[in-house]
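First comes the structure, then the notes that go with it.
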Amino acid sequence: MLKRISTLVLAGLTAAALTSCGSQGSGSASGSGDGSITMGFSQVGAESGWRTANTKSVQEAAKESGITLKFSDAQQKQENQIKAIRSYIQQKVDVIAFSPVVESGWDTVLKEARDAKIPVILTDRAVDSKDTTLYKTFLGSDFVEEGRKAGKWLVESFNNSTDPVNIVELQGTTGSAPANDRKAGFAEVIGADPKFKVIASQSGDFTRAKGKEVMEAFLKSNPDIDVLYAHNDDMGLGAIEAIEGAGKVPGKDIKIITVDAVKDGMQALADGKINYIVECSPLLGPQLMDLAKKVVKGETVPARVVTEETTFTQEQAKTALPNRKY
């Protein structure tokens, strides 16, 4: 009889242990037992003022929300992000969020996260995977619409002109969602009028230094440039240095359109060196933490969450600058 009781107790303990392991395995999708949440976040890098503000927003929002944040900087390299995501999977975090360096090449590691029952949130940038079950939601701007807004301002500004308009374009990081989409949206709008001609287009990697370098090359090979369209403020600010170095007046001799609306860009707009800025808000932290709590609880969230943004002219920049948070 004693032997039978011991056997039953052992079976019960084994079952309890198995249940515990099972809970731990799926616990990454339902939060820790004490209700706390750990997020693994992989950032693109620190290539611009926008990115710095975005990182700060995520870190501050995590702290305010009581979410433990494991943060990594990919230094604009996809292999670093993949390594970070795999590390988060091994650590059994509750949720993974990341801003993809480029759009392609994520299926394998995202399948690993899904198999580990760890929900994934895309922030700021999308991936081009056809399997949308690999992530729960994408939080960020509509980059195509940003490109359209830039194009619409240009078309309206040159509405009464019949002369050709020579445009140079500073693209973002090659293969990234904002670079692809901002280019596409802009081209869609200006393509309706043959007087608008993009005579040179090259990546400036979203950095000020590269923007200056590429613009210097544009100016040497194309003496008649009417407009610069830069995919972010930092590249535009670098280009301004190159334009001034060539003895031209930015904002007058060459009209400049940029995207982001960070403080340095807004100041250049207020000073007349940039003519128009399309906003792309980096302050995604609070929305990200709200989505993280919902997906960890297993709640249904929208597949796409678009941030609300605006545009700025010179006078609007002057008004907004004193209260600008980034």
Side-chain angles (χ1 to χ4, degrees), residues 42-45 47-48 50-51 54 74-82 97-107 109-110 120-132 134-135 137-155 167-192 196-207 210-211 214-215 218 227-236 238-239 257-261 265 277-282 284 303-307 309 311:
S42 177
Q43 182 61 282
V44 171
E47 77 283 1
S48 63
W50 190 99
R51 191 62 56 189
N54 179 241
Q75 299 179 326
Q76 292 184 281
K77 295 181 180 178
Q78 183 178 31
E79 58 267 30
N80 289 345
Q81 284 199 306
I82 291 173
F98 76 112
S99 181
V101 175
V102 293
E103 286 189 293
S104 302
W106 301 102
D107 283 31
V109 73
L110 292 184
V120 173
I121 299 173
L122 305 179
T123 78
D124 173 43
R125 300 180 179 185
V127 298
D128 63 5
S129 174
K130 294 180 180 179
D131 186 355
T132 56
L134 295 177
Y135 55 91
T137 184
F138 164 40
L139 165 66
S141 305
D142 185 336
F143 299 133
V144 175
E145 183 58 28
E146 288 173 353
R148 289 191 189 115
K149 287 176 180 176
K152 287 174 184 175
W153 179 85
L154 180 61
V155 169
I167 306 162
V168 293
E169 180 179 28
L170 282 169
Q171 299 180 43
T173 303
T174 302
S176 68
N180 293 342
D181 293 351
R182 286 171 185 163
K183 180 179 179 65
F186 184 74
E188 174 190 315
V189 173
I190 67 168
F196 294 108
K197 298 178 180 179
V198 178
I199 58 174
S201 182
Q202 187 176 325
S203 173
D205 280 339
F206 285 126
T207 69
K210 191 70 174 179
V214 175
M215 190 65 196
F218 283 165
V227 177
L228 163 65
Y229 168 44
H231 288 190
N232 79 338
D233 291 343
D234 279 75
M235 290 189 296
I257 310 165
T258 65
V259 181
D260 273 356
I277 294 181
V278 178
E279 184 182 38
C280 180
S281 176
L284 306 182
R304 180 75 170 94
V305 180
V306 180
T307 51
E309 291 149 346
T311 57

Report task. Indicate whether the side chain of Gln76 and that of Asp205 have a donor and an acceptor atom separated by less than 3.5 Å. Result -> no

Query - Distance, nearest 0.5 Å, that separates OG of Ser129 from CG of Leu134 - result: 4.5 Å

Query raised in the report: Looking at OG1 of Thr311 and CD1 of Ile257, how far apart are the two atoms once the value is rounded to the nearest 0.5 Å?
Result: 11.5 Å

Requested in this report: State, with a plain yes or no, whether a side-chain heavy atom of Ile190 is found less than 4.5 Å away from one of Val198.
Outcome: yes

**Report entry** Test side chain to side chain donor-acceptor pair (under 3.5 Å) applied to Thr307 and Ser141, step by step
**Finding:** CA-CA 5 Å; Thr307 51; Ser141 305; 3.3 Å; yes

Query raised in the report: Is there side-chain contact between Ile82 and Trp106, with at least one heavy-atom pair below 4.5 Å?
Result: yes

Query raised in the report: How many angstroms lie between atom CZ of Arg182 and atom CG of Asp142, to the nearest 0.5 angstrom?
Result: 10.5 Å

**Report entry** Interatomic distance, Asp181 atom CG to Arg148 atom CZ [nearest 0.5 angstrom]
**Finding:** 9.5 Å

Report task. Locate the shortest heavy-atom distance separating Met215 from Leu170; write the atom from each residue and the value. Result -> N-CD2, 4.5 Å

Requested in this report: May I have the step-by-step check of side-chain contact (heavy atoms from CB on, under 4.5 Å) for Val120 and Phe98, ending in yes or no?
Outcome: CA-CA 8 Å; Val120 173; Phe98 76 112; 3.9 Å; yes

Query raised in the report: How far apart are the closest heavy atoms of Tyr229 and Val259, and which atoms are they?
Result: CE1-CG2, 4.2 Å

Query raised in the report: Can you find a pair of side-chain heavy atoms, one from Trp50 and one from Asp234, that are under 4.5 Å apart?
Result: no

Query raised in the report: Considering all heavy atoms of both residues, which atom of Phe206 and which atom of Ser176 are nearest to each other, and what is their separation?
Result: CE1-OG, 3.7 Å

Query raised in the report: Given side chains that start at C-beta, do those of Tyr135 and Ile121 come closer than 4.5 Å, heavy atoms only?
Result: no

Query raised in the report: Can you tell me how far the CG atom of Asp260 sits from the CG atom of Asn54, to the nearest 0.5 Å?
Result: 10.5 Å

Query - Taking every non-hydrogen atom, the tightest pair across Asn232 and Ser48 - result: ND2-CB, 3.9 Å

Query raised in the report: Would you say Gln81 and Val109 make side-chain contact, with heavy atoms under 4.5 Å?
Result: no

Query raised in the report: Run the side-chain contact (heavy atoms from CB on, under 4.5 Å) check on Leu154 and Phe196 step by step: do they pass?
Result: CA-CA 9 Å; Leu154 180 61; Phe196 294 108; 3.8 Å; yes

Report task. State plainly whether the residues Asp124 and Arg51 are in salt-bridge range, i.e. N to O under 4.0 Å. Result -> yes

Report summary line: Rounded to the nearest 0.5 angstrom, the CG-CG distance for Leu284 and Leu139 is 5.0 Å

Query - Option among Glu146, Glu169, Lys183 that satisfies the side chain to side chain donor-acceptor pair (under 3.5 Å) test with His231 - result: Glu169

Requested in this report: Determine, stepwise, if the pair Ile167 / Phe186 fulfils side-chain contact (heavy atoms from CB on, under 4.5 Å).
Outcome: CA-CA 11 Å; Ile167 306 162; Phe186 184 74; 4.3 Å; yes

Query raised in the report: Any side-chain heavy-atom pair from Arg125 and Val44 closer than 4.5 angstrom?
Result: yes

Report task. Specify the closest pair of heavy atoms between Thr207 and Met235, including all atoms of both residues, with the distance to one decimal. Result -> O-CG, 3.5 Å

**Report entry** Non-hydrogen atoms of Ala261 and Ile277 that approach each other most closely
**Finding:** N-CG2, 3.4 Å

Query raised in the report: So, does Glu309 use its side chain to make a donor-acceptor pair with the main chain of Ser281 at under 3.5 Å?
Result: yes

